[in-house]
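No experiment lies behind these values; they were computed from the predicted model shown. First listed ligand is number 1; within each ligand, the first listed atom is number 1.
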Amino acid sequence: MESTKIIKHVDRLGRFKLPTEWLNMYDIKPNSKVKLTRGMARIVVEPVEHKCIFCLSSENIHTFKDKFICNNCSKEIKELKK
Ligand SMILES: [Zn+2]
């Protein structure tokens, strides 16, 4: 697979924006976390997999009060309230 290269301007605070297309491609959402790895001549940015705070599942995840929760745990919590 051929890699895609772009040049970005780094602002005075050391920030730059990843292309929206790339964010979508790797399912990186606003306020999510990414892992940075420093190599000999490059910096690698990887999405951090979102996991449910209760069961650690990574399927059917959504956010509630800035925490990740899966649909199953969400349903269980709703059942507790009844
Ligand atoms: Zn869960």
Side-chain angles (χ1 to χ4, degrees):
M1 179 178 153
E2 188 176 322
S3 61
T4 305
K5 295 174 181 154
I6 58 168
I7 295 173
K8 300 295 281 190
H9 173 78
V10 179
D11 73 11
R12 63 186 176 87
L13 298 176
R15 301 176 297 191
F16 63 94
K17 185 186 177 308
L18 292 171
T20 302
E21 179 182 287
W22 290 15
L23 296 173
N24 293 336
M25 184 183 301
Y26 294 100
D27 197 29
I28 299 172
K29 296 186 172 30
N31 298 316
S32 65
K33 293 181 179 179
V34 292
K35 180 171 83 177
L36 303 177
T37 306
R38 185 183 71 185
M40 289 293 286
R42 61 185 65 206
I43 298 168
V44 177
V45 180
E46 297 174 80
V48 174
E49 188 176 21
H50 302 153
K51 293 184 177 179
C52 174
I53 60 168
F54 295 108
C55 70
L56 303 180
S57 169
S58 58
E59 295 182 18
N60 298 315
I61 298 294
H62 59 274
T63 56
F64 178 71
K65 295 191 176 185
D66 293 332
K67 305 288 184 204
F68 295 108
I69 183 170
C70 73
N71 284 347
N72 289 340
C73 289
S74 189
K75 282 182 191 170
E76 286 184 40
I77 291 169
K78 286 177 187 166
E79 290 298 317
L80 290 174
K81 292 173 69 177
K82 291 182 180 175

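Around atom CD of Glu59, no more than 12 heavy atoms belonging to other residues, nucleotides or ligands sit under 6.0 Å away. Atom CG of Leu13 sits in a crowded spot, with more than 12 heavy atoms from other residues, nucleotides or ligands closer than 6.0 Å. Counting heavy atoms of neighbouring residues, nucleotides and ligands inside a 6.0 Å radius, atom NZ of Lys78 does not exceed 12 of them.
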Between Ile6 and Trp22, does a side chain to side chain contact (heavy atoms under 4.5 Å, CB included) hold up when you go through it step by step?
CA-CA 11 Å; Ile6 58 168; Trp22 290 15; 3.9 Å; yes
For side chain to side chain contact (heavy atoms under 4.5 Å, CB included), just list the numbers for Leu23 and Lys17, CA-CA rounded to whole Å, side-chain angles, deciding distance to a tenth of an Å, and then say yes or no.
CA-CA 10 Å; Leu23 296 173; Lys17 185 186 177 308; 4.1 Å; yes
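Excluding waters, the set of protein N, O or S atoms lying under 2.8 Å from the Zn ion (ligand 1) comprises Cys52 SG, Cys55 SG, Cys70 SG, Cys73 SG.
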Show me the side-chain donor-acceptor pairs of residues 31-44 shorter than 3.5 Å, one per line, residues at least two apart or across chains.
unit_1, atom_1, unit_2, atom_2, d
Ser32, OG, Lys29, N, 3.2
Ser32, OG, Lys29, O, 2.6

